[in-house]
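Structure first, then comments.
Worth saying up front: this structure is predicted, and the values here are computed from it rather than measured. Residue numbering restarts at 1 for every chain, and letters A, B, ... go by the order of the sequence lines.
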Amino acid sequence: MTTANSTINPDDIPSRFDFSEAQDRLYAMWEDGGYFHAEPDATKPPFTIVIPPPNVTGALHLGHALNNTLQDIQIRMKRMQGFNALWMPGTDHAGIATQAVVERRLREQENKTRHDLGRENLVARIWDWKTEYEGRILGQLKKMGCSCDWQRTRFTLDEMCATAVRHTFFDLFHKQLIYRGKRLVNWDTFLQTTVSDDEVVNETKQGNFWHFMYPVIDPQGNEPAHVVVATTRPETMLGDTAVAVHPDPAAAFDRIASELTEKLKTASSAEQKNIQADLEAVAIRRQTMLPQLEILRNMAQAGRKLMLPLVNRVIPLVTDAWAKPELGSGCVKITPAHDPNDYEVGKRCGLPLINIMNRDGSLNLEAGKYQGLLMKQARTAVVDDMEATGLLQKVEDREIEMPMSDRSKTPIEPFLADQWFVKMDSLAESAMQAVRDSRVKIYPVRYERSYLDWLGEKRDWPVSRQLWWGHQIPVWSLGCSSEKAVQDLKSQIQALNSYDAQGAAIQIELDSESDPEKRTLLGLPYATVHVCVQSNNELLESDLIQLGMVREEDVLDTWFSSALWPHSTLGWPQQTPELQYFYPTSTLITSRDIISLWVARMVLMGLNNLHEVPFKEVFIHPKIQDGFGETMSKSKGNGIDPLDVIEKFGADALRFGMAHLTTETQDVRIPVQFECPHCAHTFDQTKKNRVLPQLACPGCKQEFSTQWASTDAQKSLPRGAVTSERFEVARNFNNKLWNASRFAMLNLGGYSPAPIVESDLTIEDRWMLSRLATVSQSVTDKFEQFQFADATRELYDFAWDNFCSFYVEMLKDRFTDPTARPHAQRMLAYTLDSLLRLLHPVVPFITEEIWQNLAKLAPARGFDAVAPASPCLITAPWPRIDSHWQSPEIEQQFSMYQQTLAALREIRAKQNLPPRKEIRFSVRCTESIAVPLRPMASYFKSMAAAELFEMGPKIVPPAINAPIVLPELEIYVDLAGLIDKTAETARLEKERAKIATGIATKQAKLSNEKFMNSAPPEIVERERVALAQSEDQLKSIAEALARLR
RNA sequence: GGGCGUUUAGCUCAGUUGGCUAGAGCAUCUCGUUUACACCGAGAGGGUCGGGGGUUCAAGUCCCUCAACGCCCACCA
């Protein structure tokens, strides 16, 4: 620390904060100081946040900037409040997403598939990618100023996390909460993997509805020759194993009719019409279709068979309520292996499953002559052939919902596969209970509902992923042909020298096909023996392989490892000091789309593994949309790179902007602009221009490139940044703060540290202390309640309107008075110091820089006691809240000054007076108002070039004056020789009209008997007082107008 | 189909438990470089609070209803 400097040259401090120079320097200072690192310390309370680990798929976007800004605000405030604050950083391996981007690159750059490389090589390539992107991501977080404990950086696929994953998997396997089963999965034929339900999006597309006729074998009596079924996916007919009709169509029609009638009772008039129409349609349909449907039902019950065309398979007609008599022909084809609903029907009716598809989306042997075709090609072929055989009844155009893979943007094919599942029953219940009894609190509370609803379904969690990038499932399996073989294998395993009952668990999975003959026919085992191995045990693993067992190829769902994040990162299953001290963590800050995927699963896994919740509070922040209300994404071209914002506006502006818009709503909008790299002109993004590879600047007409640039010519152009002018507010605020501090630096020469003497306090000092106490309290509360926007707004208003516009302005006068100067300097040092602390969590760089500068001039400061300031703001204590300074009286008195000043300025502006032309004024008011107002005389002079002539209850207004009539003050500006009568008349007329309106409404209220009888007395009284004041005002204004004529 | 959210000034948003003439920033207009700041200062214009109905002495705020937009969940051969 340097000693106090007596003078400072204005040129020493630039009038703009050079953030690009300062950011890296200050960040290094913090990091070198070890301020981000937290060690268990029994003398301090812990405060812990684990970062939602960003996917290593790509660089961070604005949503991450929001998410991480909020976490850093919490962490920095808590650190200043004396907590031992740990922010645990890291990244997520993001299985499918990451493997997909690397595979895509492999294909584009080397024209290879993953199979050309093999598992090991591909995984090595993905690690390279991970290293690169992890570096970029962590670099971005650092640029944003995030104060993470980098020494603890984790990765969901690193050894520490892998150990936790295996322990958890083993534990659940051991408790029989993990099992293998057949399940129709969402198969992405492009990525050749399953995709979770959450990664499937339904898209509405224009499609067709084909009506096929399946011949009835040996129709009898009145039975039809064909049964008609309709489908949007004709190729699946190759896997049909039945056609279903409703078991009781009459009852089904009755039920629909009664439901509609019921609905009619509560429906709005607009809906009633539609319902009536529906009712009629059902009635007609019942009349026309019922006989036919009953015949079909009887056929099904009689065991009548159909001939499936093209593949010539004999399939039954079955009854199942899935077939809706009110739809189509009332018959539905059943393809159990390729449709989730049909799968259920198949289970109920004991139908065979015929899988017609290979993993790459081509047809297999079961498809007969269509083998080898892709599903899409098969569609055309099947339709053509059906038409050729005369069995295509008709084709309709229709909008269809098509499930699409969110990752590959290709259609999803339902596909039957062996999958591992986590049984959710008891786990989900425990996680629901934790929220119900508030061990985990979710803010805003409305999100509790989506959490509870989702868990309430208790659907088992499919955790297998057909990928190479991830935690490979630690299970070795072998099929056995008989119970004896199972028992033999079991004893062989248990007899292994390497076998340890503590670290290995055995499960027997009986095959779903219980008929031995069918099993033999299909080559299925009687049962499969699975061995789960807890931790890397190479000896046991190789012994199992010796026994012919094969390791599961699949890896675990990414969310499985993410679910362990709050404890795996702290060393669990080891009982590390960190785990004991920092767990459970304090707060989780994340966005709503992963409440179920991530938040819920962390809670249940935390409870399962540690019997304690992973965090006490969850804050769900809004999602960022662009100016059109669309989510931002790279693929749309409306995404903003935080680094572009940082470069243009500074990291503090990015952070301030983010905090400023974090309200409790669920979406926030940020209109997006392009910035021309040639002339820095910005212009709005449109849905059209945001997808173009190059653009011409409307300002300078020069071309620049965008993220879509692909040709060499395009790429050689300078790149235009994508930013938003919404950050200008924040940048301007920082500039204001910077310059206020610059003013302080220029005026703290000769500063001498000493406690503040209370008798030296002026009204504006007391006002500032009152405001400071109020704002400190309020901002603290708001940050703690996650009201980031409110807190930020309050700080903005306080710093700009109170501190800069008034307090600093008034200090200017006081610095010129040698006797007042030392006290004024101490107050300035003290208040600026407090303001910096309050702002630091939001804008850490600029406040730290100012703090460092302040230390050069006023190294020791304080209010009651003077002490050397902390060497760094990041570790300075959070402001003490001196509530005894809060004074409504002082604020009221100061408000009188502000109102008078505003009035003087208004007259100046309306009268168009030259800025330095001094005016004189007098004020009529009660003596109690006059007493605190008189000492402000010099400020009226410096801030409005107005000289106070006299003040009090009995003053005589100047002969020619402009009056401002306020409820408790009348201000008369002397306009002798200056008056612009036209302007003044206009002003007064307008004022009179305004007040007259007010009087009219108040009179109406007060003469309303009901109001007088029902409104609370204090409201009535308030109206009365206001009316009296307004009437006085009106009188004064009328007089002034009369004088002007 | 179920749920959640949003709709207030040209734009982005505040507006506590209903209660003085609905606020801020940006943009617009007028004036102004007074030695912290033009990324500034002073002033001004601009809103039938999405539509309709209701409760109340009083509705931006509470209730009903309709509409638009956004998100989540379920589901449609």
Side-chain angles (χ1 to χ4, degrees), chain A residues 10 13 15-17 197-198 202 209 229-233 236 244 268-270 322-324 327-329 331-335 339-342 400-401 446-447 449-450 453-454 457 592-593 595-596 622-623 625 627 629-631 649 653 660-661 663 665-671 724-726 728-729 731-747 789-790 793 796-797 804-805 808-809 812 902 905-906 908-910 912-916 942-945 967 994-995 997-998 1001-1002 1005 1008-1016 1018-1020 1022-1023 1025-1027 1029-1030:
Chain A
I13 306 171
S15 66
R16 301 259 169 100
F17 172 47
D197 287 346
D198 315 284
N202 284 315
F209 203 44
V229 292
T231 179
T232 54
R233 301 179 63 224
T236 61
S268 66
S269 53
W322 167 242
K324 308 275 188 326
L327 293 174
S329 65
C331 297
V332 57
K333 62 193 270 309
I334 303 296
T335 322
D339 182 282
N341 294 306
D342 293 4
I400 54 168
E401 289 282 324
R446 71 181 120 92
Y447 290 113
R449 190 163 170 172
S450 45
D453 283 355
W454 185 82
E457 291 177 25
R592 67 176 184 283
D593 43 4
I595 291 174
S596 48
K623 289 204 72 170
Q625 300 176 339
E630 295 181 17
T631 47
F649 299 103
H660 198 249
L661 55 74
T663 57
T665 178
Q666 62 178 21
D667 306 302
V668 290
R669 289 187 181 191
I670 297 187
S724 175
E725 61 193 12
R726 286 221 47 193
E728 281 176 14
V729 177
R731 190 263 323 265
N732 295 352
F733 174 74
N734 289 336
N735 181 252
K736 188 74 181 173
L737 178 67
W738 178 256
N739 278 289
S741 79
R742 185 163 176 261
F743 168 83
M745 302 309 152
L746 300 177
N747 286 283
D790 286 346
R793 252 176 253 278
Y796 180 99
D797 292 343
C804 293
S805 295
V808 165
E809 283 305 319
K812 285 177 181 173
R905 286 170 168 174
E906 187 192 334
R908 294 198 72 100
K910 290 271 164 68
N912 208 11
L913 297 175
R916 290 192 216 173
S942 60
M943 293 171 77
K994 219 163 109 185
I995 291 171
T997 315
T1001 40
K1002 286 183 192 81
K1005 269 191 187 176
N1008 181 342
E1009 231 174 275
K1010 284 180 180 169
F1011 172 76
M1012 299 302 281
N1013 294 335
S1014 322
E1018 65 269 22
I1019 298 287
V1020 175
R1022 208 196 299 174
E1023 287 294 321
V1025 170
L1027 178 60
Q1029 284 175 341
S1030 296

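For B:C62 and B:C72, the P atoms lie 26 Å apart once the distance is rounded to whole Å. As rounded to the nearest Å, B:G51 and B:A59 have P atoms that lie 15 Å from one another. For the C1' atoms, the distance linking B:G3 with B:A14 amounts to 27 Å, nearest Å. The same atom, P, is picked in B:A9 and in B:U48; the two are 9 Å apart, to the nearest Å. As rounded to the nearest Å, B:C66 and B:C4 have P atoms that lie 15 Å from one another. Spacing of P atoms, B:U33 relative to B:A38, comes out at 14 Å, to the nearest Å. A distance of about 40 Å separates the C1' atoms of B:U28 and B:C64, rounded to the whole Å. For the C1' atoms, the distance from B:C20 to B:G5 is 33 Å, rounded to whole Å.
Side-chain N/O atoms of A:Lys1010 and base N/O atoms of B:A58 include no donor-acceptor pair closer than 3.5 Å. You won't find any donor-acceptor pair under 3.5 Å spanning the side chain of A:Glu1023 and the base of B:A58, going by distance alone. Interface remark: the A:Arg446 side chain does not form any donor-acceptor pair with the B:C4 base, using a distance-only criterion of under 3.5 Å.
Between A:Asn747 and B:A36 there is no side-chain polar atom (N or O) within less than 4.0 angstrom of OP1 or OP2. Residue A:Arg449 has a polar side-chain atom (N or O) positioned under 4.0 Å from OP1 or OP2 of B:C4. Considering only side-chain N and O atoms, A:Ser741 lies nowhere under 4.0 angstrom from the phosphate OP1 or OP2 of B:A36. Between A:Lys736 and B:C40 there is no side-chain polar atom (N or O) within less than 4.0 angstrom of OP1 or OP2.
Taking atom CZ on A:Arg669 and atom C1' on B:U6, their separation rounds to 8 Å, with Å as the unit. If you measure from atom CG of A:Asp797 to atom P of B:G15, you get 14 Å, rounded to the nearest angstrom. Going from atom NZ of A:Lys623 over to atom P of B:U6 covers 17 Å, rounded to whole Å. Rounded to an integer number of Å, the gap from CD1 of A:Ile995 to P of B:U21 is 13 Å.
Picking from B:A36, B:C20, B:C39 the nucleotide with the shortest atom distance to the side chain of A:Arg1022 gives B:C20. Nearest nucleotide to the side chain of A:Ala1015, out of B:C13, B:C20, B:C57: B:C57. Of the listed nucleotides (B:C13, B:C71, B:C37), B:C13 has the atom at the smallest distance from the side chain of A:Val668. Closest approach to the A:Tyr796 side chain among B:G25, B:C37, B:G19 is made by B:G25 (side chain taken as heavy atoms from C-beta onward). Side-chain proximity of A:Val729 to the nucleotides B:C11, B:G25, B:A42 is greatest for B:G25. Comparing B:U21, B:C13, B:C73 by their closest approach to the side chain of A:Arg793 singles out B:C13. Side-chain proximity of A:Pro1016 to B:G19, B:A36, B:C13: nearest is B:G19. Minimum atom distance to the side chain of A:Val808 is reached by B:A36, of the listed B:C73, B:A14, B:A36. For A:Ala1026, the side-chain atoms get nearest to B:C20 when compared with the rest of B:C20, B:U21, B:C40. Considering only side-chain atoms of A:Ser1014, the nucleotide from B:C37, B:U12, B:C57 that sits closest is B:C57.
Mapping A:Gly998 and A:Tyr447 onto RNA chain B by nearest heavy atom places A:Tyr447 at the nucleotide closer to the 5' end.
Around NZ of A:Lys994, the count of heavy atoms belonging to other residues, nucleotides or ligands within 6.0 Å does not exceed 12.
By the side chain to side chain contact (heavy atoms under 4.5 Å, CB included) test, A:Ser805 is found to be paired with A:Trp800, residues two or more places apart in sequence or in another chain being considered. By the salt bridge (Lys or Arg N to Asp or Glu O under 4.0 Å) test, A:Arg793 is found to be paired with no residue, residues two or more places apart in sequence or in another chain being considered. Residues meeting the salt bridge (Lys or Arg N to Asp or Glu O under 4.0 Å) test with A:Glu1018, sequence neighbours left out: none. By the side chain to side chain contact (heavy atoms under 4.5 Å, CB included) test, A:Lys1002 pairs with A:Glu1023, A:Ala1026, A:Leu1027, A:Ser1030, sequence neighbours left out.
Counting only heavy atoms from C-beta outward, the side chains of A:Lys1005 and A:Met1012 never approach each other to under 4.5 Å.
Remark: the backbone N or O of A:Glu725 is not paired with any side-chain donor or acceptor of A:Arg731 at under 3.5 angstrom. Judged purely by atom type and a 3.5 angstrom limit, A:Asn739 uses its side chain to pair as donor or acceptor with the backbone of A:Ser15. A donor-acceptor contact shorter than 3.5 Å links the side chain of A:Arg742 to the backbone of A:Ile13. Counting only distance, with no hydrogens or angles, the side chain of A:Ser1014 and the backbone of A:Phe1011 share no donor-acceptor pair below 3.5 Å.
Stem analysis of RNA chain B (Watson-Crick or G-U pairs, both distances under 3.5 Å, runs of at least three) returns B:1-7 with B:67-73, B:10-13 with B:23-26, B:28-32 with B:40-44, B:50-54 with B:62-66.
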Polar pairs (N or O, both sides) under 3.5 Å between protein and nucleotides 44-46 of chain B?
residue : atom : partner  : partner atom : Å
B:G45   : OP1  : A:Lys990 : NZ           : 2.0

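Smallest separation of non-hydrogen atoms from A:Ser724 and A:Pro671: OG-O, 2.6 Å.
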Passes side-chain contact (heavy atoms from CB on, under 4.5 Å), A:Val332 versus A:Trp322? Steps please.
-> CA-CA 8 Å; A:Val332 57; A:Trp322 167 242; 4.0 Å; yes

